[in-house]
Amino acid sequence: MPELPEVEILKLSLNKNIKHAKIKKIKINNRNLRYKVPNNLNKVLAGCNIKNISRIAKYLIFHFNNEKKLLIHLGMSGTIHLIFKKNTKNTNASFYHLSSLPKKHNHIEISLNNNYKMIYNDPRRFGYFKLLNKNFINLKPFNDLGPEPFDPLFNFLYIKNFIKNKKVNIKSALLNQKFVSGIGNIYANEILFYCSINPLKKISKLSMKNIKDIINNSKKVLKKAIFFGGSSIKDFKKIDGQSGNFQQKFKVYGKQDSKCPKVGCKGILKKIIISNRASFYCLECQK
DNA sequence: AAGAGGCCCTGATAGC
DNA sequence: TGCTATCAGGGCCTCT
């Protein structure tokens, strides 16, 4: 599910709804994620106030008042749901699901003191929870991340230097988080379409114009996706239960065999596999 | 040592 | 209907 835009939207929603809330209790239903969920999660975090929630690339970081930090990565299928328990005088308090809550795979439930409950769901278990220390930025995985597309460090000289003598194709490079962080398979395809670059093109062969286009279009595509609320592939929803609708704006992702959307281009979109990931592009206009 | 490929896991869908 | 195969938004690890 989650590339940079989806995690960004999640971050904004979480800050809007549960910033400054205090953790009452963390209940672990299933420790099996990519890494075992730390057993001491509740012990360490119960009673802590959420100072704010930040994002680096596709990683979410909860910062607490006492300097403790929690990293959440959503992997392929991780989702976060907020449930609001309405204050009523009845003992039968009603629950409002701000996003539809799945029945299975609710690994972790975090009760907050503001009538919200935050639930982490992850059928494929590629995501994970990890407690971070103060120095986290110098440690794995953060010390290995390249700049985000929005970072001024993702500039012409940086790219020109990176691509020198390298044999990889541009599609794989955009997915390489050490080169540029936050871009995933969907947006890599979309960015290359806007750049009119063939995903198989070797990065050492990129022209000056190609490099400039990549810088501009990676920002543009991600910003637009954030603006439209992310992409609701399968079950991704914004935390308020609304679907993002950027997927309606996809130009090439998932559109093999249809006509190239570029004005004036007569090409047909093709699907090929590059390093085990689906790639979609137009044979005519992406060179 | 860069780069390709396998693999972790479940669920949805397609094809027979 | 029920089986099997294929595929899915990520990233780590191993092998060459």
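Any value given below was found using the heavy atoms of this structure, including those in side chains, with hydrogens, waters and symmetry copies removed. Since the model is a prediction, treat every value here as computed from it, not as a measurement. Residue numbers start from 1 in every chain, and the chains themselves are labelled A, B, ... in the order their sequence lines are given, proteins ahead of strands.
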Visitor: Take the angle between the ring planes of A:Phe84 and A:Tyr116 and call it parallel below 30°, perpendicular above 60°, tilted in between.
Guide: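 Because their plane-to-plane angle lies in the 30° to 60° range, the rings of A:Phe84 and A:Tyr116 count as tilted.
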Visitor: Report yes or no: is the ring centroid of A:Phe126 under 5.5 Å from the six-membered base ring centroid of C:dG11, with the two planes under 30 degrees?
Guide: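 Stack criterion not met.
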Visitor: Side chains of A:Ser111 and A:Lys117: do they bring a donor and an acceptor to under 3.5 Å?
Guide: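 There is no such pair between these side chains.
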Visitor: What's A:Tyr35 touching, base or sugar-phosphate or nothing? Going by heavy atoms closer than 4.0 Å.
Guide: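 The answer is sugar-phosphate, as A:Tyr35 gets under 4.0 Å only of primed atoms, P, OP1 or OP2.
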Visitor: In this structure, how many angstroms lie between the P atom of C:dC12 and the NZ atom of A:Lys58, rounded?
Guide: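 Roughly 10 Å, once rounded to whole Å.
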Visitor: I'd like the P distance from C:dT14 over to B:dC9, given in whole Å.
Guide: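 Nearest-Å result for B:dC9 against C:dT14 at atom P: 16 Å.
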Visitor: Give a yes/no on whether any side-chain N or O of A:His73 is located under 4.0 angstrom from OP1 or OP2 of C:dG10.
Guide: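 No, A:His73 has no side-chain N/O under 4.0 Å of OP1/OP2 on C:dG10.
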Visitor: With a 4.0 Å cut-off on heavy atoms, is A:Lys178 in touch with a base, just the backbone sugar-phosphate, or nothing at all?
Guide: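 Counting heavy atoms under 4.0 Å across all strands, no contact is made by A:Lys178.
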Visitor: Checking all strands, does A:Asn185 fall into the base, sugar-phosphate, or nothing category for heavy-atom contacts under 4.0 angstrom?
Guide: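 Answer is sugar-phosphate: A:Asn185 comes under 4.0 Å of backbone atoms only.
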Visitor: Rounding to a whole Å, what distance do you find between A:Tyr187:OH and C:dG10:C1'?
Guide: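 Value for this atom pair: 15 Å.
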Visitor: Measure CD1/A:Ile273 against P/B:dG3 and give the value in whole Å, please.
Guide: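 Computing the A:Ile273:CD1 to B:dG3:P distance gives 21 Å.
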Visitor: Does any nucleotide pair with B:dC9 by Watson-Crick or G-U wobble geometry, both distances under 3.5 Å, and what is it?
Guide: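 With both distances under 3.5 Å required, B:dC9 matches none.
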Visitor: Hey, does the side chain of A:Lys271 come within less than 4.0 Å of C:dT6's phosphate (OP1/OP2), counting only N and O?
Guide: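 No.
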Visitor: Could you tell me how far B:dG6 sits from C:dT6 if I compare only their P atoms? Round to whole Å.
Guide: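 Each nucleotide's P atom is 14 Å from the other's.
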Visitor: Is A:Arg34 near enough to C:dG10 that one of its side-chain N or O atoms lies under 4.0 angstrom from OP1 or OP2?
Guide: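 The answer is no; no side-chain N or O of A:Arg34 sits under 4.0 Å from OP1 or OP2.
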Visitor: Under 3.5 Å, is there a donor-acceptor pair between the A:Ser181 and A:Lys58 side chains?
Guide: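 No.
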Visitor: Could A:Lys51 and A:Glu67 be called an ion pair, given the rule that one side-chain N must be under 4.0 Å from one carboxylate O?
Guide: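 Yes, charged N to carboxylate O under 4.0 Å.
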Visitor: Rounded to whole angstrom units, what separation is found between the CZ atom of A:Arg124 and the P atom of C:dG11?
Guide: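 After rounding, the gap between these two atoms is 13 Å.
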Visitor: Between A:His105 and A:Asn165, name the one whose nearest nucleotide on DNA chain B is closer to the 5' end.
Guide: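 Going by which nucleotide is closer to the 5' end, it is A:Asn165.
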Visitor: Centre of A:Phe228's six-membered ring, under 6.0 Å away, within 45 degrees of the axis: is that where NZ or CZ of A:Lys249 sits?
Guide: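 The answer is yes, since A:Lys249 meets both limits relative to A:Phe228.
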Visitor: Can you tell me how far C1' of B:dA14 sits from CD of A:Gln256, to the nearest Å?
Guide: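 Between C1' of B:dA14 and CD of A:Gln256: 14 Å.
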Visitor: Please determine whether a side-chain nitrogen or oxygen atom of A:Lys166 lies at a distance below 4.0 Å from atom OP1 or OP2 of B:dA2.
Guide: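 No, outside the criterion.
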Visitor: Give the rounded distance in Å between these two atoms: CG of A:Asn276 and P of C:dG10.
Guide: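 Going from CG in A:Asn276 over to P in C:dG10 covers 13 Å.
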Visitor: Which is more 5' along DNA chain C, the nucleotide nearest A:Phe280 or the one nearest A:Gln177? Just name the residue.
Guide: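 Of the two residues, A:Phe280 wins.
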Visitor: Quick one: is A:Lys167 getting a side-chain N or O under 4.0 Å of the B:dG3 phosphate, OP1 or OP2?
Guide: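 For B:dG3, neither OP1 nor OP2 has a side-chain N or O of A:Lys167 closer than 4.0 Å.
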Visitor: Ring-plane angle category for A:Tyr120 and A:Phe129, please: parallel below 30°, perpendicular beyond 60°, tilted otherwise.
Guide: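 A:Tyr120 vs A:Phe129 ring planes: perpendicular.
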Visitor: Measure from NZ on A:Lys140 to C1' on C:dC12 and round the result to the nearest Å.
Guide: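 From A:Lys140 NZ to C:dC12 C1': 8 Å.
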Visitor: If I take atom CG in residue A:Leu71 and atom P in nucleotide C:dG11, what distance separates them, rounded to the nearest angstrom?
Guide: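 After rounding, the reported distance stands at 11 Å.
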Visitor: I'd like the P distance from B:dG5 over to C:dC7, given in whole Å.
Guide: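 Taking atom P in both C:dC7 and B:dG5, they lie 15 Å apart.
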